[in-house]
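To start, the structure under review is shown below, and the notes come after it.
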Amino acid sequence: MTTTLSAPDEAPPEPTRKPRKRRRTPALPYLLLIPAIVLELAVHVIPMLTGIWMSLRELTQFHIRDWSGAPFIGLDNYKVSLDVDSATGKELLHSFWVTIACTILVVGLSYGLGLAAAVLLQRPFRGRALLRTLFLTPYALPVYAAVIIWSFLLQRDTGALNHVLVDQLHLVDDRPFWLIGGNSFWSLVIVMVWKHWPFAFLCLMAGLQGVPQDLYEAAYMDGAGFWRRLRAVTLPMLRPVNQVLLLVLFLWTFNDFNTPYVLFGKSAPDQADLISIHIYESSFVTWNFGLGSAMSVCLLLFLSIVSGLYLFFTRKARADA
Amino acid sequence: MHETAAERWSRRIVLTLLTLFVVIPLYVMLSTAIKPLSNVRDSFTWLPQKVSFEAFVDMWDTVPLGQYLVNSLIVSTSAAVLSVAIAILAAYATSRWRFRGRGLFLASALSTQMFPGILFLLPLFLIYVNVGRATGIELYASRTGLIITYLTFSLPFSIWMLVGYFDSIPRELDEAAAVDGAGPMRILFRVLIPTAVPGILAVTVYAFMTAWGEVLFASVMTDETTRTVAVGLAGYSTQYDVYWNQIMAASLVVSVPVVAAFLFLQKYFVAGLTAGAVK
């Protein structure tokens with residue numbers, strides 16, 4: 001990082017630049033950044049590089065004690081991870097698709113609910129402040145508390161959901177399992193949406209505050225109905241918010257470890273085997289850290305490419321507009 | 001503004017459904033916490049058959065919740081305070097100077113948010129163990145290690161929010177102070193920090209929440225003595241029984257202060273998001 005090049009304490013005057021009305025203290029901004037940069041390097045960048053290094057080693061339980069001496073095996077870990085004919089590769093690909101499906105659903109639903117709430121709470125009415133506070137509560141709740149509540153609701157024998165479905169509404173006879181089997185995927189989606197949608201609501205609410213009211217008045221005068229106003233005024237005005245929000249929601253959901261870990265424990269049911277849990281299992285349960293690292297690096301590559309493309313196209317769309 | 005009857009009714013219906021979606025789990029948490037264990041063991045009831053506060057008494061003995069709370073408090077408070085202090089410095093630099101590498105710094109700070117935690121969990125764990133062996137500074141299974149880790153989690157977002165806040169403070173205030181002879185650090189402490197207090201508070205609460213809710217690193221990087229509540233709550237499910245009422249009571253105790261602080265400061269989050277991150 002070029003910013004770590006700290007200038008000497010006694011800042012030399014800049015000879016090339018004409019003194020402008022802006023004060024110039026060239027060393028100071030860099031000095032102010034040093035703590036942040038050192039910490040980000042220490043906790044994120046160096047471990048990430050170490051992770052890449054580990055992915056090229058045979059780092060199994062036999063070598064973990066003296067991990068720096070683990071034998072170099074080149075791209076073998078990657079070959080195993082990405083070989084869809086092997087069991088490891090198949091499982092990784094499966095959890096990749098599960099994660100994609102889950103992410104699309106969670107981001108879509110969270111955005112939809114957040115937008116609905118933000119738009120509907122724009123107009124002043126009695127109880128609006130209360131609703132706003134209420135809607136933000138799931139976001140403020142620590143993730144384990146939020147997920148624990150849901151895991152209680154979704155218990156087969158003592159949970160509220162089956163109580164309503166089976167005992168109260170008599171919709172099903174046999175109590176369904178919600179935390180194992182095919183339903184577990186839907187349980188995970190619902191829990192994640194419950195936890196994430198308030199963040200979308202918060203950001204969209206912030207974005208809507210910048211929309212001038214007379215735009216709505218003008219649209220109304222032109223005879224635009226609710227949907228038309230949403231499409232012609234609200235959504236275009238929210239475009240800069242949407243850009244960051246959708247990316248952040250995507251990355252959070254895709255990397256989410258806490259929610260499935262608290263909901264299902266160390267090994268998630270097959271149908272809800274999110275990629276971060278899968279990698280955790282591959283590394284910490286089977287003690288093959290080299291393989292786990294290779295999988296993580298693939299995940300990082302995928303996320304960087306997607307984010308890069310996303311930013312490129314949204315920028316371009318904004319520039320073209 | 002004008003609203004048709006159809007619009008009014010759809011608004012009411014949608015908001016009611018959203019409210020139910022949010023409130024039902026919260027209600028279940030509250031009502032389960034005040035049920036006796038016999039009431040939660042067999043089948044679910046919406047209302048407690050008997051109101052009892054035994055869960056709030058027993059939860060301290062079933063697991064060492066008090067110790068976990070102390071650990072969590074120390075770790076999260078230190079992480080939040082340090083993170084915000086560091087973010088203030090970085091945000092000040094980024095907001096008030098146009099230096100080389102400024103854009104790169106902001107972009108790379110944010111892109112660390114993209115890393116899957118699982119990617120650097122193990123390397124970080126190994127690095128901490130090695131640093132401990134080499135220097136005797138205990139980072140693995142220590143509060144210090146967790147504090148350092150957690151403060152970097154909230155740092156990028158805190159910097160972004162604070163840059164927005166600082167940008168919204170007029171430069172004329174800086175310049176007026178400079179005319180009075182204040183140096184850059186004096187300007188930071190006398191002008192920017194006092195003006196941005198609500199934003200700084202909001203960011204502090206955010207940093208605290210991030211550390212308070214983290215599960216993955218806490219589960220790997222702690223031992224018996226340093227365990228945080230995030231991991232400790234798992235102790236209420238034993239092989240034989242799950243003390244749901246105590247879990248809910250403990251979750252309540254753990255959540256209420258954070259939720260209250262966040263909700264109290266929510267309007268400053270909105271202001272910060274409007275000022276910085278979203279624009």
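For clarity, every value in this text was computed on a predicted model and none was experimentally measured. Each chain gets a letter, A, B and so on, in the order the sequences are listed, and its residues count up from 1.
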When you compare the side chain of B:Ser108 with that of A:Glu40, does any pair of heavy atoms fall below 4.5 Å? no
Which atoms of A:Val248 come close to chain B, meaning under 4.5 Å heavy atom to heavy atom: side chain ones, backbone ones, both, or neither? neither
Does any heavy atom of chain B fall under 4.5 Å from the side chain of A:Pro138, the backbone, both, or neither of them? side chain
Does a side-chain heavy-atom distance below 4.5 Å link B:Phe153 with A:His44? yes
Measure B:Thr210 against the heavy atoms of chain A and call it side chain, backbone, both or neither at under 4.5 Å. neither
Within the structure provided, determine whether B:Met209 and A:Tyr139 are in side-chain contact (heavy-atom separation under 4.5 Å). yes
Looking only at heavy atoms and a cut-off of under 4.5 Å, which of A:Val262, A:Leu202, A:Leu247 has the most pairs with chain B? A:Leu202
Please classify the contact between A:Val119 and chain B as side chain, backbone, both or neither, with a heavy-atom cut-off of under 4.5 Å. neither
A:Asn255 (side chain) donor-acceptor with B:Gly117 (main chain) under 3.5 angstrom: no
Applying a strict 4.5 Å limit to non-hydrogen atoms, the region of A:Trp53 in contact with chain B is neither
Contact residues of residues 82-90 of chain B (partner chain A; heavy-atom separation under 4.5 angstrom): B:Ile86, B:Leu89, B:Ala90
Examine whether an atom of B:Ser111 lies under 4.5 Å from a heavy atom of chain A, and if so say whether it belongs to the side chain, the backbone or both; otherwise answer neither. neither
Any chance you could measure B:Asn130, atom CG, to A:Thr50, atom OG1, to the nearest 0.5 Å? 10.0 Å
Distance from B:Trp244 atom CH2 to A:Thr158 atom OG1, nearest 0.5 Å? 7.0 Å
Give, as side chain, backbone, both or neither, the part of A:Ala146 having an atom under 4.5 angstrom from any heavy atom of chain B. neither
Taking every non-hydrogen pair under 4.5 Å, which of A:Gly292, A:Pro47, A:Ala145, A:Ala117 racks up the most with chain B? A:Pro47
Hey, does A:Tyr144 have a side-chain heavy atom less than 4.5 Å from the side chain of B:Val229? yes
Scored by heavy-atom pairs under 4.5 Å with chain B, the best of A:Asp256, A:Ile148, A:Ile190, A:Asn162 is A:Ile148
Residue from B:Val220, B:Leu188, B:Leu122, B:Val256 scoring the most non-hydrogen pairs under 4.5 Å with chain A is B:Leu122
Option in B:Thr45, B:Val14, B:Leu124 with maximal non-hydrogen atom pairs under 4.5 Å from chain A: B:Leu124
Output for pair (B:Phe120 CZ, A:Leu49 CG), nearest 0.5 Å, gives 12.5 Å
Can you tell which part of A:Ser304 gets under 4.5 Å to a heavy atom of chain B, answering side chain, backbone, both or neither? both
Could you look at A:Leu136 and say if it's the side chain, the backbone, both or neither that has a heavy atom under 4.5 Å from chain B? both
Between A:Ile275, A:Thr137, A:Ile46, who has the most heavy-atom pairs with chain B when the cutoff is under 4.5 Å? A:Thr137
Test of understanding: with side chain to side chain donor-acceptor pair (under 3.5 Å), list the residues that count as partners of B:Trp46, not counting sequence neighbours. A:Gln168
When B:Val28, B:Leu15, B:Thr19 are compared by non-hydrogen pairs under 4.5 Å with chain A, the top option: B:Leu15
Backbone N or O of B:Phe21 within a donor-acceptor pair of the A:Trp194 side chain at under 3.5 Å? yes
OG on A:Ser276 to CG on B:Leu121, rounded to 0.5 Å: 11.0 Å
Tell me, for B:Ile247 versus chain A, whether the close heavy atoms (under 4.5 Å) come from the side chain, the backbone, both or neither. side chain
Toward chain B, the part of A:Ser151 with a non-hydrogen atom under 4.5 Å: both
Interface moiety of A:Phe226 toward chain B, non-hydrogen atoms closer than 4.5 Å: both
Working to the nearest 0.5 angstrom, can you tell me the gap between A:Leu41 CG and B:Thr112 OG1? 10.5 Å
In Å and rounded to the nearest 0.5 Å, what is the CE to CG distance from B:Met185 to A:Leu31? 9.5 Å
Portion of A:Trp150 that has a non-hydrogen atom of chain B nearer than 4.5 angstrom: side chain
Cut-off 4.5 Å, heavy atoms of chain B, and the answer for A:Leu153 is side chain
Using heavy-atom distances under 4.5 Å, tell me whether A:Tyr261 contacts chain B through its side chain, its backbone, both, or neither. side chain
Heavy-atom distance under 4.5 Å to chain B: side chain of A:Phe125, backbone, both or neither? side chain
As an exercise: rank A:Asp167, A:Leu299, A:Leu238, A:Ile149 by heavy-atom pairs under 4.5 Å with chain B and give me the winner. A:Ile149
